[in-house]
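Take a look at the structure below.
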Amino acid sequence: MVYDFKKIETKWQSKWEKKKVFEVSPDAAGTKKKKKFYVLEMFPYPSAAGLHMGHALNYTIGDIYARFKRMQGMNVLYPMGYDAFGLPAENAAIKAGEHPRKYTENSIKNFVNQQHKLGLSYDWSKMIVTSKPEYYKWNQYFFLKLYEKGLIYRKKSPVNWCGKCETVLANEQVHGGCCWRHPETPVEIKQLEQWFIKTTNYADELLDKVDKLYWPERIKLMQKNWIGRSEGTEILFEIENSNKLSNVVIVHGCPSAEKAEYSQEKRTYDKHWIPWIKKKLEERKIKVFSPLMPEAWKADYYNWKKEFEKNKIDENSVLIGHSCGCAFLVRWLGDTKKKIKKLILVAPWKIAKSGNAPKDFYDYNIDLGIKDRVGEVIIFTANNEEADGKKSVKIFHDSLGGEIIELKNHGHYTIYDMGTGEFPELLNEIIGNEKWSIFTTRPDTIYGVTFMVVSAQHPRLMELVSNKQKKEVEKFLKKLKGVSEKQLEELDKEGVFTGSYAVNPVNNKKVPVYAGNFVVADYGSGMVMAVPAHDQRDYLFARKYNIEIKAVIQPREGEIDFTKESKAYTGEGWLINSDEFDEVESEKAKEEITKFLIKKKLGRKVVNFKLRDWLVSRQRYWGTPIPVVYCDKCGIIPIKESDLPIVLPEKVKFGKGNPLKTNEKWINVKCPSCNGKAKRETDTMDTFFDSSWYYLRYLDSENSKKPFEIDKVKYWMPVDQYIGGAEHATMHLIYARFFTKALRDLDLIPEIDEPFIKLFNQGLLHGADGQKMSKSLGNVINPLDIIKKYGADSLRLALMSLASPENDTLWDENVLVGSFKFLNKVYDYFQNVKIVKKSDAKIESKLNKIIKEMTNQIENFKYNLAIIKVRELFNSLPLETDRLVLEKGLKLLSLFCPHIAEEMWEKIGGVGLISSSEWPKVEEAKINESLEKQEQDVAKLVEDINHVVKIIKEREGKEVSKCWVYVLPNEKKNFVDSVDELKKRTGLDIKVYAVNDKDKYDPDGKSKKVKPGKPGIYLE
RNA sequence: GCGGGCGUGCCGGAGUGGUCAAACGGGACAGACUCAAGAUCUGUUGCUUAGUGCUUACAUAGGUUCGAAUCCUAUCGUCCGCACCA
C-alpha cells in the first residue's frame, strides 16, 4: 500500500494558506512578548525553466529552520521574493519574441506555484518583485540619496564590454577574461562614461567587520581577499618626458566694459597671473602665446577665433583659459575638433546672465567628443568663487570630465582675489606634472629598481610616450587588443619602451619606463617600480628585454648570482648596493627607507585595496532606470524625488544595444532645474543594486510612502539567519553589506552595521554521475517530477538526508526511494498503532534523548543526522504507545515532512495544527542511560580474567599464576583499590598498571589494546 | 601562481584523540511470510583456527601519543575561489 501523498499534501497546503498560518507582523497581538527571528533565503532569479533541485535544496533548508524557530515560540519572518530584473530575462524574452515583463511574470507564477508544492512556510503576503515600479522606485530613491551624499559619481573608465550582452560588466562578472554569462565571449575593454558607487569608501569597515560575522570561514576569507587590503609605501618618481609640450596658449577673459586703458600696449585686461606665468614659462624656453582678443569686452566668437588661430595649435599644445576665455576655448575645441595635449580652465564661466560677454558667447552646446581629443582636462576653481562660477565648473566638468582643483580664497582668480600675480599651482600643472606616484610593498628594494612599468591600459599612457616611440607603442597596444583577455592571462610578460625615463628618488638614477601588459591600470597608480632581482614578474620581463638585474637583498644564507639564478629572490635578507642602507635587515629597511622618503617629501605610507568602486551602469532595458537627466545648460541633474518612479517605457523595440537609447519619446524631457531641453539617462542599474536592500523591503513591502517604516527595521533587522549559495560570496554579499552601512550613514536605517549576522551556505548538488546538473549532460532532475511521483515530503526528506547540507553531494535516486519507503512505514504505523495510557520507559528515554540531540542538530543545520534520529525513533516505536510520545515524535518529523505530520497529527486527535504547535521539551528525568549502557567494573574484569585463564588452560594446558592488568590512567584508581578483591576472586598474583606506567611488564603488547572500560590482560 | 576544502567499507555518507571493525541509508546475501513474485519483517555483510583473536582497515609515507580515521609534517589525487594587486 502506498499512502496518498497527493491528497494529503494539497489538503494541508491549502489549509495553511487559508488560515494564514505563516503570516506575521511585528505588532500582532501576542507577538510582542515573542522574540523575533528573521530567516531569509537568497531570493531567486526567476527563469522560465522553473525551480531546479538546487533551489529545492536551499529552500527546504530554510523552511526547516523557520518551522523549527516558529515551534520554539519565536515570531518568525520567513519571506520570499523575486530578483526579476536582469539580462537573462531580457535575452530570453527577445529570443522568445515576448516582452521581458511578460516573460518574468510567467516565470514568477511558475516559481510561486512550485514553491507552494514544496510545502514551504513563507509569509506570502510580503512577496516582492524587483521589476515592479513599486519596488524599483526605491532603487531610484536610494540612488538619489547616495548621489547627494557623494557616494555616486560618473567617471570615464575602461570598462569590460561584452559584445554578446552588449553591455558593460562589473569586474566581478568577468570570469577568466570572458563574460560570466557567455564563457566563450572575450570581454573587450572600452572607454565609457559610467556611474560608479564608492564602495571603496567603506573598504576598511567592510574588512574589519567581517570578523564579527558568524559566517562560514571560507566565505569570510573570500571577502577579505576580495577587499584585499595591503599596506605599503607610495613613492614619487620624477618622469623625464621626452615628449615636450610644443607650446602654451593662454586666452584671457573679458572685462565688463570698454575702458580707455584696454589697449594693446598696456594689456591691462589680461594682467592677472598671465604675465607671471608667461615669464616663468619663457625662462624654461617654452613657447607661450597670450593673444590679445579684439574688442574683448564685446567678445565675438568669430573675431576671437580669427585672432586665436594665428597661433599654431597641435597635439602637444597646452591651452589655458580664464573666465569667459574658457567658454571660448571649449567652443573652439568642439568647433574645430582639434586634438591637444592639455586643457586648463581657470575659474571658467558659462552663465550668460552674469557673464560679461554677450549671451550668445556662452549659449552653445558642449561637444561631448572633446574629452576624447584632449589628453587631460584640469579645472581650477576656488572655495569662495561666486555661485554662477561654481555652476559653470559643474557644467564643464559634467561634459568634459577631468580633474577639479579647488584652491582656497582664490575667488575668480583675478589679481584682486589672489592678491598676487603668482600662480605656482598652474605652473606646476603645465610643466611639473611629471611626477608619478607608484605603490610598493617592498620599499626596501628601491635601490634595485632598473626600470618602471606603466599599465598598457593606463588612461594617461600616451602622455609618457615620446613621438619617436609612438609607433612602437601603438603597435603593441594593437597587438594587445587583438588577443582576448583569456589568452592574455597566459601570455608572457610583455611591454614596450615609452621613450620616457624615471628618476629614482633615492639615487637619482635614470631608468626607462615601459608600457607593460602585466600591470593593472586601476590598482595603485597604474605604474610600478620594477625590481627584477626581487620580483618574479619583473624578473621575467627584464630577462626578456635584457634589462639590468641588480641584487639589493642578500639572503641570510647563500648567495644569489643572477648569471646562474633563473628566478627572483623574493625572501628576506640584508641590504646590499643600497648606499647608507647597506647591511640593514630588509624588514627594518622597509621602515627606514619609507621614513627617509617621507622626510624628503617623496613618499608616504598608504593602504591600498583590491576592492574597486562598484560600476552600476548597464546599457540594457530590463533594469531600473537611473534617475538623472542631461541638460545642455545645467549638465547632469538628478530627478526630483517627487517625480519618482521613472518608469520603464512599456513599448520598446529590441534590436542592437539598449532600446532605451532609441526611444525618442521616453528620452526627451524637460530639465528639472531650468525647464529647458534635456535627455534622460538611458543606462539602467546593475541588478545587484536591487538585491542589496531587498531584505529591508520585505519588512514593509506594501508601503507606498517610504521604502520601509523605520520601526519595522528596528524590530526585524538584522537578518538572524541568511541562507544561500557560495556563488554570492563576494558580489552580492559585499554590495549588501556596503548598502547597509551606507543607509545607516544616510540615517535611513537605525544603527545596524551588518545585515546578515549568520550565514549558512548550502553545498552544491551534483547529478548522480558526479557532474554538475546541466541540460547538456542530461542529468537534470526536476523537483516537480519527483513531487508528482513521490510527494514533496519524500523529496524534502531525501534532499536533507543525502548529506550534511553544507557539503556538496550527489543526487541519489536510492535515497529518495528509501525516504519514500520510510514515510509509507510511518503512515502504516499510524494506521495500526494502539494508543495506550503509558509508554515503555525505554521508549520515553529514547524519545527524550533524541529530542535533546535533534534540537542541537537542527540548530546547527545537521539535518542529515537529525533525520537519522527520527528514523531511529519511528523504527523502534512499539505498536502500543501513548499519545504524548506519538505527538512529540510527529513534531520532530514535521520539520522535514510537514504534510504527513499534519495528517497523522489530525488522525491521532492532536490539537490545532502541528505547524503551530510547540517544539517538545526535553524531560531529562526520563533519560535513563543505564538502560542502554554496558557497565564495566571489577566484577566484569574478574569474569574476563577467569575466562582467559580457562582458555589458556584448555588450549595450551598451561597453568597461570601471574596477571598484569592495564587500564587507562583515569580508570586506574578504581582497579588499584580493588586489587585485593581481584586477587581473592581469581587466585592470581595481580598487578594493575596504567598504560603509561614506565615499569610495566608487557611482552605481548596488551597495553596497546586498552580502551575505556576495557582493560588489557596479560597472563603468565 | 596564491588561498581554501575534500579523500572513510560494495555505494552514498556520519565520525575530528580512546567505548570504532566505524552511525544511518542504499545495495548484496540468507531466513520468515507467500503457490510464486513484489511489499514487509529478521539476520549477515574486513579477515578469522571464532580466542579478552588479527604482522587487517579510514588516499600514501613518516611523526607526536600509553592510544590516531581524528593532531603534526611531507607527498599524491580531487574540487572550489581569486587570478599578473607590485
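Letters A, B, ... are given to chains in the order of the sequence lines, protein chains preceding strands, and every chain is numbered from 1. Quick note: numbers below take in every heavy atom, side chains included, and nothing from hydrogens, waters or symmetry partners.
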Integer-rounded Å distance: B:G5 C1' and A:N761 CG: 13 Å
Closest contact, heavy atoms only, A:L810 versus A:L765: C-CD1, 4.3 Å
Sugar-phosphate only, base, or nothing, as touched by A:L968 at under 4.0 Å among non-hydrogen atoms: base
Value in whole Å for how far the P atom of B:A86 lies from CZ of A:F237: 16 Å
Among B:G26, B:C66, B:G3, the one nearest A:N814 by side-chain distance: B:G26
Counter-base of B:G38, judged by Watson-Crick or G-U geometry with both distances under 3.5 Å: none
Side-chain-base donor-acceptor pair under 3.5 Å for A:R612 and B:C85: yes
Which atom of A:P878 lies closest to which atom of A:Y829, heavy atoms considered: O-OH, 2.8 Å
Out of B:C24, B:G81, B:G3, whichever nucleotide has its closest atom nearest the side chain of A:M222: B:G81
Whole-angstrom distance between B:A21 and B:C47, as gauged at atom C1': 10 Å
Gap in Å between the two P atoms, one belonging to B:G25 and one to B:U40, rounded: 13 Å
Non-hydrogen atoms of A:P805 and A:F760 that approach each other most closely: CB-CZ, 3.8 Å
Closest non-hydrogen atom pair between A:V817 and A:Y790, with its separation: CG2-OH, 3.8 Å
5′-ward residue of the pair A:K825/A:V949 relative to RNA chain B: A:K825
Closest nucleotide among B:C66, B:C24, B:A83 to the A:W226 side chain: B:A83
Identified pairing partner of B:C66, criterion: Watson-Crick or G-U wobble below 3.5 Å: B:G18
Rounded C1' spacing from B:A28 to B:C80 in Å: 35 Å
Footprint string (nucleotides 8-17 of chain B, 5' to 3'): B base within contact, S backbone only, - free, heavy atoms under 4.0 Å: -----SSS--
Syn or anti for B:G81 (syn when the glycosidic angle lies within 90° of 0): anti
Residue pair A:M529 / A:M452: nearest heavy atoms and the distance that separates them: CA-SD, 3.7 Å
Rounded P spacing from B:A74 to B:C24 in Å: 37 Å
Side-chain N,O (A:K493) to OP1/OP2 (B:C84) below 4.0 Å: no
Phosphate OP1/OP2 of B:A21: any A:K1011 side-chain N/O under 4.0 Å: yes
Nearest-Å distance once atom C1' is located in both B:A39 and B:A23: 27 Å
Distance between C1' atoms of B:C58 and B:U16 (Å, rounded): 12 Å
Ring geometry between A:F822 and A:F874 (parallel below 30°, tilted from 30 to 60°, perpendicular above 60°): perpendicular
Euclidean distance, atom CG of residue A:N875 to atom C1' of B:U40 [Å, nearest integer]: 13 Å
A:Y514 OH - B:C84 P separation (whole Å): 23 Å
Distance flag, aromatic centroids of A:F541 and A:F451, threshold under 6.0 Å: yes
Parallel, tilted or perpendicular, as decided by the 30° and 60° cut-offs, for the rings of A:Y863 and A:F861: tilted
Heavy-atom pair of closest approach, residues A:P1015 and A:F975: CG-CZ, 4.3 Å
Euclidean distance, atom CD of residue A:E806 to atom C1' of B:G4 [Å, nearest integer]: 15 Å
B:G51 OP1/OP2 closer than 4.0 Å to side-chain N/O of A:K950: no
Pair partner, B:C76 [Watson-Crick or wobble, under 3.5 Å]: B:G7
Mate of B:G51 where both pairing distances stay under 3.5 Å, Watson-Crick or G-U: none
B:C2 versus B:G62 - spacing of their P atoms, nearest Å: 28 Å
Sugar-phosphate only, base, or nothing, as touched by A:K869 at under 4.0 Å among non-hydrogen atoms: nothing
Rounded interatomic separation in angstrom, taking OH from A:Y1018 and C1' from B:G51: 16 Å
Spacing of A:K610 atom NZ relative to B:C2 atom C1', expressed in whole Å: 8 Å
Rounded interatomic separation in angstrom, taking CZ from A:F518 and P from B:A86: 13 Å
Base partner of B:G81, which must satisfy Watson-Crick or wobble distances under 3.5 Å: B:C2
P-based separation of B:U73 from B:C11 [nearest Å]: 30 Å
Any A:T441 side-chain nitrogen or oxygen under 4.0 Å from OP1 or OP2 of B:C85: no
Pair A:R442-A:D535, salt bridge (Lys or Arg N to Asp or Glu O under 4.0 Å): steps then yes or no: CA-CA 10 Å; A:R442 292 296 304 270; A:D535 181 284; over 6 Å; no
